[in-house]
Asks: 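I am attaching a structure below and will ask some questions about it afterwards.
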Amino acid sequence: MGGGGFMRLTRYYMPTLREKPAEAEIISHQLMLRAGMIRKLASGIYSFLPLGYRVVRKVEEIVRQEMDAKGALEVFLPVVQPAELWRETGRWDRFGKELLRFKDRGEREFCLGPTHEEVVTDLVRNELRSYRQLPVNLYQIHIKFRDEIRPRFGLMRAREFIMKDAYSFDADEEGLNKSYEDMYDAYSRIFHRCGLKFTAVEADTGAIGGDVSHEFMVWADTGEDVIVGCPQCGYAANLEKAEFRVTEVGDHEKEKPLEKVHTPNMKTVEEVTGFLGVLPSRLVKTLLYHTDKGFVALLIPGDREVNETKVARLLGVESLELASFADVEEITGAPVGFAGPIGLEGVELVADRLLEGMKNVVVGANEEDYHYMNANWGRDFLPHLVGDIVKALPQDPCPRCGVPLEFSRGIEVGHIFKLGTKYSEAMEAYFLDARGRERPFVMGCYGIGVTRTAAAAIEQHHDDDGIIWPISIAPYECYLLPTNTTRQDIKEASEKVYQGLMEKGVEILLDDREERAGVKFKDADLIGVPIRVTFGERSIKKGVCELKLRWEKGSMEVPLDRVVEEVVALKETLLGEVRP
RNA sequence: CGGGGCGUAGCGCAGGCUGGUUAGCGCACCUGCCUUGGGAGCAGGGGGUCGGAGGUUCAAGUCCUCUCGCCCCGACCA
């Protein structure tokens, strides 16, 4: 590790803060600032101090070992990338403002790399020619820059961050499947070794493209992502992707005559259903969206929300956003709040499958202050397309086994994709197969947010006093705490143990500062080193010191001449607990 | 991009409405004494372009205009 695996605090740079910085909202951000791990340079841009950087390096090293074990090869690609490359895949225009663009002195356009599909594909297309050279998996660990709309939560959603990204190149689908499985396995091992409680969930491929994808989620109530899981069969997906079973196959009511009702100034589902005395699920919301293929009207139950990801996938569109108020008026002939499928022309009607078979529902009348009651599918309106376009809700039946789904929150720390030939075709990256045919590489890409993983670990492992590092990613493994360095016996004992542990390769901090014991205890707890050895007056006279784990209340007395071996053994035990 | 809030010492803040000596407090920092098992005590001390620019005024941290930065919420589910 940088700077060696041992250090005395009198020579360290670890500016801890007693008070929590005003800017920090979530616990990992607060603790990283307080523990002297990071400092902010600008919005979403952080410097790593020695303690923080050691944690980053620990995570990186675990990632590196597991990637190498799968035969992936480490490379180092440029942060600054030319616009032409991004134009080849069309992402120069599509990527949006997250892509930080600038020009060099010669007015040539560049960007700071938010990801490296283009660069890595460019790299191999000039060098890999034959199927015999495949598969290849190239990875790197370094800085990414994404100009987030709103950076927040410290390292959790930073603009500049450290990422491990890997790209696999295979000759065919079968090869890709193998590469993907290897990465899935490597990721499981990596997060396990980092001491994290996590789960892999099915995910949508979104802007990166491709078809199959999993996200690795660290469980945390403060997480920004919603995990939908089945307690019975283990189905797990993120909210964007989560499917659910339709159990009700329709109503057995008789169709009643369509009835136009006056609903003055009632625009929301609550207002209309409250006024008409029906359940929100009996109202059909009609939402107008603008897509790159024109306008569409989405029909969903009043108690549901549109899942835009599912819609985009179903329609095969790239952009999807709610129509403006003006467009809604133009298309429906009524102000927002009164749209409905009956008599709505010029737009494609897309209905959620939940509505199929429902009888006598409420819909907007496309006329200000009017709705219809007893509208019926088939008789009064007929959707052009039916599909799953709403978000799952807790208690919806699992798509696989029908057991009620449970919702929880998580932090996305890893994401793997089967890309297929999307990039290789766009960039004309071909190889020759066994029969001499030119074929595009079948690609996969695999990311891990290294700095986010460190933050996620804190979200999952802390208490009121500070961080509680899993030993595998702790900045140091052991904290030596002489309570009073003015006493020779205490000082000498701690120095001797320091020497002993150093020789055994244990990563240690010796708190040799002339501070009062309380200050040292507070700092030790704050920075969260897992093993602590205390040298105090009472115990030193008995020839012992105290061994304590950060997450346990009590400590154990250990003879001074045995503490080195005890710490070494303890370290091995703790590391063993996070080995896959 | 829309809305709200905040920029005063390294950190956390007061002062501002109602302009008026040398701009304060706690923590941190330096020196000394003392103390040494959960962020001690006493004494002394250093540190500020009050985010920046312009303006009003005899006088601006305070009022006005502009600007920069940071934080939070929202970005339209009819």
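Labels below follow one simple rule: chain letters A, B, ... track the order of the sequence lines, proteins then strands, and each chain is numbered from 1.
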Asks: Verify whether one side chain among A:Ser28 and A:Glu459 offers a donor that lies under 3.5 Å from an acceptor in the other.
Replies: yes
Asks: Let's see if you can work this out: which of B:C70, B:C13, B:C77 has an atom nearest to the side-chain heavy atoms of A:Glu308?
Replies: B:C77
Asks: Please measure how far the P atom in B:C6 lies from the corresponding atom in B:G51, and state the result in whole Å.
Replies: 13 Å
Asks: List the protein contact pattern of nucleotides 36-51 of chain B with one symbol per nucleotide (5' to 3'): B for base contact, S for sugar-phosphate-only contact, - for none; contact means a heavy-atom distance under 4.0 Å.
Replies: BBBBB-----------
Asks: Report the distance from atom CG of A:Leu287 to atom P of B:C77, rounded to the nearest whole Å.
Replies: 9 Å
Asks: Looking just at side-chain N and O atoms, do A:Thr309 and A:Asp204 make a donor-acceptor pair shorter than 3.5 Å?
Replies: no
Asks: Can A:Arg159 be said to sit on top of A:Phe145's aromatic six-ring, NZ or CZ under 6.0 Å from centre and within 45° of the ring axis?
Replies: no
Asks: Using atom C1' of each nucleotide, how far apart are B:C34 and B:U21 to the nearest Å?
Replies: 38 Å
Asks: Side-chain donor-acceptor pair under 3.5 Å between A:Arg532 and A:Thr534, yes or no?
Replies: yes
Asks: Under a 3.5 Å cut-off for both distances, is B:G2 Watson-Crick or wobble paired, and to whom?
Replies: B:C73
Asks: Whom does B:C17 pair with, Watson-Crick or G-U wobble, provided both distances fall under 3.5 Å?
Replies: none
Asks: Answer with yes or no whether the side chains of A:Asp523 and A:Thr16 bring together a donor and an acceptor at under 3.5 Å.
Replies: yes
Asks: Please determine if a side-chain N or O atom of A:Lys391 lies less than 4.0 Å away from the OP1 or OP2 oxygen of B:C77.
Replies: no
Asks: To the nearest Å, how far apart are A:Glu25 CD and B:C70 P?
Replies: 17 Å
Asks: Ignoring hydrogens and angles, state whether a donor on the side chain of A:Asp369 or A:Asn265 is under 3.5 Å from an acceptor on the partner side chain.
Replies: no
Asks: Expressed in whole Å, how much space separates the C1' atoms belonging to B:G12 and B:A59?
Replies: 32 Å
Asks: Taking atom P of B:C1 as reference, at what distance in whole Å does atom CD of A:Glu98 sit?
Replies: 16 Å
Asks: Mind calculating the distance between CZ (A:Arg159) and P (B:G69) to the nearest angstrom?
Replies: 10 Å
Asks: Let's test this: given Watson-Crick or G-U wobble pairing with both distances under 3.5 Å, identify the partner of B:A60.
Replies: none
Asks: Separation of A:Ile26 atom CD1 from B:C71 atom C1', in whole Å?
Replies: 14 Å
Asks: Using modelled atom types and a 3.5 Å cut-off, is there a donor and acceptor pairing between side-chain atoms of A:Lys520 and backbone atoms of A:Leu480?
Replies: no
Asks: Say we look at B:G15 and B:C76: how far apart would their P atoms be, to the nearest angstrom?
Replies: 38 Å
Asks: Suppose you measure atom C1' in B:C11 against the same atom in B:A75; what distance do you get, rounded to whole Å?
Replies: 34 Å
Asks: Starting at atom CZ of A:Arg152, determine the distance to atom P of B:G4, rounded to an integer number of angstrom.
Replies: 19 Å
Asks: Would you mind reading off the distance between A:Gln30 atom CD and B:G12 atom P, rounded to a whole angstrom?
Replies: 12 Å
Asks: Whole angstroms only, please: what is the CD-P distance between A:Glu19 and B:C29?
Replies: 13 Å
